Asks: 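This is the structure I want to talk about, given as structure tokens.
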Amino acid sequence: MLTYTFLQHYWWFLIALLGALLVFLLFVQGANSLIFSLSSDEKERELIVNSTGRKWEFTFTTLVTFGGAFFASFPLFYSTSFGGAYWVWILILLSFVLQAVAYEYQSKPGNTLGRNTFRTFLVLNGILGPLLLGMAVATFFTGSPFVVEKDALDATGISPVISRWATAWHGLDALFNPVNYLLGFAVVFLARTNGILYMLNNIDDPSLRPKLHRALRVNAPLFVLFFVAFVIVLMGLDGYAVAANGEVSLEAHKYLHNLLSMPATLNVFLTGVVLVLCGIGLALTQKNERRAIWLSGIGTTLAVLAIFLIAGYNHTCYYPSTTDMQSSLHLQNSCSSEFTLRTMSYVSLLIPFVLAYIAYAWHAIDSKKIDRNELENEEHKY
Amino acid sequence: MIEFLSVQSTALIDWSRAQFALTAGYHWLFVPLTLGLAVVMAVMETLYYVKKDEFWKRTAQFWMKLFGINFAIGVATGIILEFEFGTNWSNYSWFVGDIFGAPLAIEGILAFFMEATFIAVMFFGWNKVSRGFHLASTWLTGIGATLSAWWILVANSWMQHPVGMEFNPETVRNEMMDFFAVAFSPVAVVKFFHSVLSGWMTGAFFVIGVSCWYLLKRRETKFALESIKVGIAVAIVAVIGVMVTGDTSGIQAAKYQPMKLAAAEGLENGGPGAPFSVVPGIEVPKVLSILATHDIEGHVPGINDLLYGYTTPDGEHHPSAEEKIKRGKEALAAFKQFRATMKTDPATAAEARKKLDENVEFFGYGYLDKPEDLVPPVPIVYWAFRIMVGLGGALALLLALLIWHQWKGTLADKRWLLWLGILGIPAVYLAGQAGWVVAEVGRQPWAIQDLLPVDAAISSLSVANVVTTFFIFLVLFTILLIVEIRIMLKAIKKGPDFA
């Protein structure tokens, strides 16, 4: 039952799930990107920062775990993409570094840089984080210029490095492909939309609520616009297919084929999209509704999960090389050994347990919504 | 052209190493305090839970506040470290990712989420969850941090002493064969206790030092004296543990990384009954043999022995560096031949495979040009070792003095001792940093001992990229450190809140 092929697919599923949860949790970034534009006074800004400030560690930890799990299960991606598309990842990390300190330091005496600087860090991360992560994931479909040559390790060439980027841009290449922007901005506005829905749920404040609704009316349509554009382009894209002998070849409309030949994934995708739209619709029409984030959050997770699955399943290269087609990464040529994948699969059985305690703790903290009164009396606040 | 390329790549290695050292060094400014304060505040909250005395709640909350200030920047530096394995050590990531990735993933799944979840309850849950749940959350925050230390130190130990894997020339990487050999390698166990308990030392001496400052200022006297008591208790466990595991580390280094030990001692020519160098010119006979082998006449090889080969008294021959490099080059040649023939000529490939297997333990030596490449920068390792051990010893003495005066009830009046208590803070940080310098500089040129030198482990980047990111990180981390210290000092000046 636990064949090597199954384990590869199981781990790609877990990576996809972590990626999907990460995109959902980017609601923290989305909400932060609105700190200044949404609020009209200090109290409102404080409410926003303290509301996302109780969740940011989950987003951050999911990003770290996404990286760690990718390393453990598909190390060739880790070495090729991180070492090659250097600048994209470094910029993403820098934005998260700024965020990690911003909460704790922004309102503390002696913080040197001043409150607004730290909040600007949050806004920067709020926009750059989702944008660059979205663009990085878009390269899973649009490809990157790299070469993988395992024989290089024999040290007879110029360099023993196996994975090499074919341009000097080292990841900034992603900025030259307009399709990458479509997904990048779709993720930015999705993060904002989810951020607004999260605040509608989490903050109890009569003056902030109408402003959130106003912002939703701008950001949700923008998300839909970019997302639909990306999906249309994606369905027209050619992809790389992998034959049984490992040979890679070009296949027209590969991602459309993947979606159609994997009905379960198609269903997950459509369910996800419908749930996100329902969440948005619910919040737009029912002014006192709080549950929209749950619909849209689950929907986001499902839709992104499906997008990752069509990138890697059905004999597809999930990290295509635009320089050398045969260097492209797919599940079989980039994964860990069968032993490691199996061992890690046993470890993954603990994931439901982890999710359970997260849910329990989250519920315990969130059972009462944040309001001005609480912030006045809270012993620990940002 | 060739010369240009080799200069270029030396610079790339140096800058890549500098960037990793910078990030790791900064990260280790914050991690030990996280590990140590976690224990201190959990003990204090337990006292609150048991005694139901509001004093202990307020005391724990003060240290938690400092914990939070420190934690944020620890997290910020940590994320860079994890991804730097990929960004700057791309070849490394593929060559041993099959083994090395697993502990990092487990760290994320099992440890980081625990830490992230319960730290939120610890900070925001005082008025929302029961006292018992809150206490559990405080402990779980510390346990999560400690578990994460376990897995990252498993990963580090594996680089120092790779076990449980086999090189597979078909996939061109090392593959894991035995998970438990990796996860519970004796080197990992010792490194875990040595590092985590040095973190406890940091936390304990931090609490003691800050409390001494209050006593010098004649304020918060009860708070300071009670905090010192908890600090002393944690420090006793930590200091004893660090000494015991430090001793075992020495034995392990002698066995698995003799060059590191020789460099740490500046021992050029070894032999039986080797002397211990206190500082240059002052030696204690036989002591190095005792420390490294627990045998007064134990054989400890020096740098020259390791370079030019030696035979131990029991007749075991240890090949010279030149022999090892020769066999490493044979391994690489066999690897090349295997790759060239594996699909077309199975008989030749099988032969090449056999030759590779015979020499694979010297695989990494094939990348070296000359024996001298095997010697780490001796003065750095030598002096870092002295700083670590010297300051560790001084801290143990300081602890003894503190215990004595605490017991006599004269602590608050001994102003010289209170000053020493404050000096304990920089001392414990310096000792911890020096320890990592010994461990990491001492194992050069190896990214993974005997398997992969740093120059074959890097990413294929141009130097300008890495220089740029190095300075970005340097400026950013330095600014954040200044901010952190200033916030910390303000919070200490303000003091605990007993209103």
Side-chain angles (χ1 to χ4, degrees), chain A residues 54 57-58 60-61 64-65 67-69 71-72 75-76 78-79 82-83 86 89-90 93-94 96-97 100-101 103-105 108-113 150-151 153-156 158-165 168 170 336-337 339-340 343-344 347 350-351 354 357-358 361 364-365 368 379-380, chain B residues 5 9 68-69 72-73 75-76 79-80 82-83 86-87 90-91 93-94 97-98 101-102 104-110 112-113 116-121 123-126 128-129 172 175-177 179 332 335-336 339 366-367 456 458-462 465 469 476 480 482-483 486-487 489-490:
Chain A
R54 296 177 189 186
E57 282 120 335
F58 294 111
F60 196 91
T61 306
V64 173
T65 307
F71 194 2
L76 193 56
Y78 205 79
S79 62
F82 288 82
Y86 190 72
W89 295 111
I90 291 282
L93 294 178
L94 279 174
F96 276 90
V97 167
V101 292
Y103 281 110
E104 187 67 31
Y105 293 175
K108 291 255 184 336
N111 71 9
T112 312
L113 306 175
K150 288 184 181 165
D151 291 335
L153 200 78
D154 68 21
T156 50
I158 291 173
S159 153
V161 180
I162 287 171
S163 300
R164 288 196 305 278
W165 214 246
H170 282 293
S336 280
S337 67
F339 179 85
T340 297
T343 308
M344 291 301 299
V347 174
L350 291 167
I351 290 176
V354 174
Y357 74 63
I358 290 175
I365 294 291
K368 191 182 160 305
E379 298 174 53
H380 188 97
Chain B
L5 281 170
S9 80
I69 295 167
I73 188 164
V75 169
I79 192 172
I80 303 277
E82 181 195 355
F83 285 92
T87 55
S90 156
N91 234 28
S93 295
W94 171 250
D98 195 59
L104 262 70
I106 299 174
E107 184 183 21
I109 295 169
L110 297 187
F112 287 151
F113 275 113
T117 304
F118 293 103
I119 199 174
V121 180
F123 278 127
F124 301 108
W126 283 108
K128 296 194 177 80
V129 300
V172 192
E175 294 180 350
M176 185 149 56
M177 294 287 144
F179 176 72
L332 280 177
F335 164 72
K336 185 181 163 97
R339 295 288 299 172
Y367 294 101
I458 47 171
S459 299
S460 179
L461 293 160
S462 73
N465 287 304
T469 48
L476 179 66
L480 293 182
I482 293 169
V483 171
R486 285 199 62 202
I487 294 178
L489 290 177
K490 284 261 181 201

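So that the names make sense, note that chain A is the first sequence line, chain B the second, and so on, each numbered from 1. Treat the numbers as computed from the prediction; the structure is a model and nothing was measured. Below, all heavy atoms of this structure are taken into account, side chains as well, without hydrogens, waters or symmetry copies.
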Asks: Should A:V97 and B:L480 count as side-chain neighbours, where that means a heavy-atom distance under 4.5 Å?
Replies: yes

Asks: Measure B:I119 against the heavy atoms of chain A and call it side chain, backbone, both or neither at under 4.5 Å.
Replies: side chain

Asks: If you measure from OG on A:S337 to CE on B:M177, what distance do you get to the nearest 0.5 Å?
Replies: 6.5 Å

Asks: Is the gap between the ring centers of B:F118 and A:Y357 under 6.0 Å?
Replies: yes

Asks: May I ask you to test the A:I351-B:I109 pair for a side-chain heavy-atom distance under 4.5 Å?
Replies: yes

Asks: Less than 4.5 Å apart, any side-chain heavy atom of A:Y105 and any of B:I73?
Replies: yes

Asks: Decide if atom NZ of A:K368 counts as having more than 12 heavy atoms of other residues, nucleotides or ligands within a radius under 6.0 Å.
Replies: yes

Asks: Atom CZ in A:F82, atom CZ in B:F83: separation rounded to 0.5 Å?
Replies: 5.0 Å

Asks: Between OG1 of A:T156 and CG of B:L332, what distance do you get to the nearest 0.5 Å?
Replies: 9.0 Å

Asks: Is the shortest side-chain heavy-atom distance between A:F71 and B:S93 below 4.5 Å?
Replies: yes

Asks: In the structure I gave you, are the side-chain heavy atoms of B:T117 and A:F58 within less than 4.5 Å of one another anywhere?
Replies: yes

Asks: Determine whether a donor-acceptor pair (N or O, by modelled atom type, separation under 3.5 Å) exists between the side chain of A:T340 and the backbone of B:D98.
Replies: yes

Asks: Which distance, rounded to the nearest 0.5 Å, do you find between the NZ of A:K150 and the CZ of B:F335?
Replies: 10.0 Å

Asks: May I ask you to test the B:Y367-A:P160 pair for a side-chain heavy-atom distance under 4.5 Å?
Replies: yes

Asks: Can you check side chain to side chain donor-acceptor pair (under 3.5 Å) on B:T469 and A:Y86, steps first, answer last?
Replies: CA-CA 10 Å; B:T469 48; A:Y86 190 72; 2.7 Å; yes

Asks: Considering only heavy atoms from C-beta outward, does the side chain of B:F113 approach that of A:V64 to under 4.5 Å?
Replies: no

Asks: To the nearest 0.5 Å, what is the distance between NZ (B:K336) and CG (A:D151)?
Replies: 8.0 Å

Asks: Are B:R339 and A:D154 close enough that some pair of their side-chain heavy atoms sits under 4.5 Å apart?
Replies: no

